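Written below as structure tokens is the structure these notes are about.
Predicted model only: the values in this text are computed from it and were never measured. The figures that follow rest on heavy atoms only: side chains count, while hydrogens, waters and symmetry mates do not. Numbering starts at 1 and runs along the sequence shown.
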Amino acid sequence: MATVTVEEITRVTGLLQRAYPYILARKRQEGVLDEPPLDTLIRAILSQHTTDRNRDLAYHALRERYHTWDAVADAPLEELHDVIHASNHAYTKAGRMQQLLQRLRAEQGATTLDFLRDWPTDAVRAYLRQFPGVGEKSTAIVCLFALHRPVMPVDTHVYRVTQRLGWIGATVSAERAHALLAALLPPALVFPLHLGLWEHGRVTCRPLPHCAHCAIYADCRYSAKTAPPPAVDAAIAFTATAQAA
């Protein structure tokens, strides 16, 4: 794996912010930056092994059908499965959500994770990983988005882009990537970098990448690029306008 410097990480973060200037406002509009930690964790569970679209369909259906997390905890399992059927493995996810909610109610007296706001980050992550189906990515999502801690969630998009940048090795697992990136990334850059990497992987650095519109082409070590180097300003202008619409 190539040596990665803070200067490179800072440069990539800045280029991604210029290439996707709309993403922060879009996330604010979606409400995911102001959710209680339990809401964020439920959304993260629904996101496992499915697309962003299917996760959102399942989550919106869940909140429309049940107005409290206690209602979700007490719902018939078959009914809950039907409500979140848009997400893959809906039976498994329904069971895990109910286990989580019922345990919180038994241990904390309420279906909430708000008590985690005052906990150290390592304690938060260790606590959340006790629940079935809650792994490194889900705990990182709660830490970053709900608790505003500098923890990088490594989803499909972040994993692909950081591999192509050479920040993690080609054979590193997504679980291992969490620890590697935690040691590599300056804390102040984690949040803007996550948004940029996520959007870049979603719209440009796809499985078959659109290298002709890549703002970070010069920093990319991917050997199977699909186009010669674009002009940086032109690439940024393309993604900033085409994707914001």
Side-chain angles (χ1 to χ4, degrees), residues 1-24 27 32 44 47-49 52 121-122 124-125 129 135-145 147-233 235-236 238-240 243:
M1 189 174 69
T3 300
V4 183
T5 65
V6 172
E7 289 75 16
E8 178 183 343
I9 296 168
T10 303
R11 180 173 61 251
V12 166
T13 304
L15 288 169
L16 292 174
Q17 287 180 302
R18 290 176 59 201
Y20 309 102
Y22 55 85
I23 190 61
L24 179 59
K27 289 299 177 184
V32 299
S47 74
Q48 296 167 0
H49 309 296
D52 295 337
T121 299
D122 287 346
V124 170
R125 301 182 76 177
R129 285 196 298 266
E136 291 290 347
K137 185 182 82 168
S138 297
T139 62
I141 289 170
V142 173
C143 287
L144 183 66
F145 286 98
L147 303 178
H148 310 295
R149 314 289 177 85
V151 181
M152 174 67 78
V154 183
D155 60 12
T156 300
H157 305 306
V158 171
Y159 183 61
R160 182 190 313 118
V161 178
T162 53
Q163 275 195 328
R164 289 175 174 175
L165 285 167
W167 294 2
I168 58 174
T171 61
V172 169
S173 69
E175 291 295 299
R176 175 64 179 148
H178 283 88
L180 294 177
L181 290 174
L184 183 67
L185 304 177
L189 296 183
V190 169
F191 179 70
L193 184 58
H194 174 78
L195 293 184
L197 291 171
W198 181 83
E199 186 70 353
H200 189 63
R202 191 180 72 86
V203 303
T204 303
C205 194
R206 299 172 62 83
L208 180 62
H210 304 310
C211 297
H213 306 304
C214 180
I216 57 174
Y217 189 108
D219 290 288
C220 179
R221 298 175 173 92
Y222 186 51
S223 62
K225 292 177 179 175
T226 60
V232 174
D233 288 343
I236 288 173
F238 179 86
T239 56
Q243 298 301 324

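- Once rounded to the nearest 0.5 Å, the distance linking NZ of Lys27 with CG of Leu195 reads 7.5 Å.
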Between Val124 and Thr139, does a side-chain contact (heavy atoms from CB on, under 4.5 Å) hold up when you go through it step by step?
CA-CA 8 Å; Val124 170; Thr139 62; over 6 Å; no
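- The minimum heavy-atom distance linking Val172 with Gln163 is given by the pair O-NE2, 3.8 Å.
- Remark: Lys137 does not engage Glu175 in a salt bridge, criterion side-chain N to carboxylate O under 4.0 Å.
- Between Phe145 and Phe191, the two ring planes are perpendicular [angle over 60°; tilted spans 30° to 60°].
- The two residues Tyr222 and Pro209 have their closest heavy-atom pair at CE2-CG, 3.9 Å.
- Under the 4.0 Å criterion applied to side-chain N and carboxylate O atoms, Asp122 and Arg149 are not assigned as salt-bridge partners.
- Of all the heavy atoms in Cys211 and Tyr217, the pair that sits closest is O-CD1, 3.5 Å.
- Closest approach of Pro186 and Val6 over heavy atoms only: CG-CG1, 4.0 Å.
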Take Trp198 and Asp155 through the side-chain contact (heavy atoms from CB on, under 4.5 Å) test and state the conclusion after the steps.
CA-CA 8 Å; Trp198 181 83; Asp155 60 12; 2.8 Å; yes
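- Between the CD atom in Gln17 and the CG atom in Leu189 there is a gap of 8.0 Å [rounded to 0.5 Å].
- In this structure a side-chain-to-backbone donor-acceptor pair under 3.5 Å is missing from Thr204 to Cys214.
- Atoms CD1 and CG, from Ile9 and Leu193 in turn, are 7.5 Å apart once rounded to the nearest 0.5 Å.
- Contact of the Met152 side chain with the Thr162 side chain is not registered, since no non-hydrogen atoms from C-beta on lie closer than 4.5 Å.
- A distance-only check finds a donor-acceptor pair linking the side chain of Arg160 to the backbone of Gly201 [under 3.5 Å].
- For the 3.5 Å distance criterion, the side chains of Glu199 and Thr239 fail to qualify, holding no donor opposite an acceptor.
- Between Asp233 and Arg18, some side-chain heavy-atom pair lies under the 4.5 Å cut-off.
- For the atom pair OG of Ser223 and CZ of Arg164, the computed distance is 9.5 Å after rounding to the nearest 0.5 Å.
- Rounding to the nearest 0.5 angstrom, the gap separating the CD1 atom in Ile23 from the CG atom in Leu16 is 11.0 Å.
- A distance-only check finds no donor-acceptor pair linking the side chain of Arg129 to the backbone of Gly135 [under 3.5 Å].
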Using the rule given for side-chain contact (heavy atoms from CB on, under 4.5 Å), can you reason through Ile168 versus Tyr159, listing the C-alpha separation, both sets of side-chain angles and the distance that settles it, and then say yes or no?
CA-CA 8 Å; Ile168 58 174; Tyr159 183 61; 3.7 Å; yes
Could you go through Glu136 and Arg176, starting from their C-alpha distance and side-chain angles, then the distance that decides it, and tell me whether this counts as side-chain contact (heavy atoms from CB on, under 4.5 Å)?
CA-CA 9 Å; Glu136 291 290 347; Arg176 175 64 179 148; over 6 Å; no
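- Shown here for Gly166 and Val4, the closest heavy-atom pair between the two residues is O-CG2, 3.9 Å.
- Scanning both residues, Asp219 and Leu165, for their nearest heavy atoms gives O-CD2, 3.6 Å.
- To the nearest 0.5 Å, atoms SG (Cys143) and NE2 (His148) are separated by 11.5 Å.
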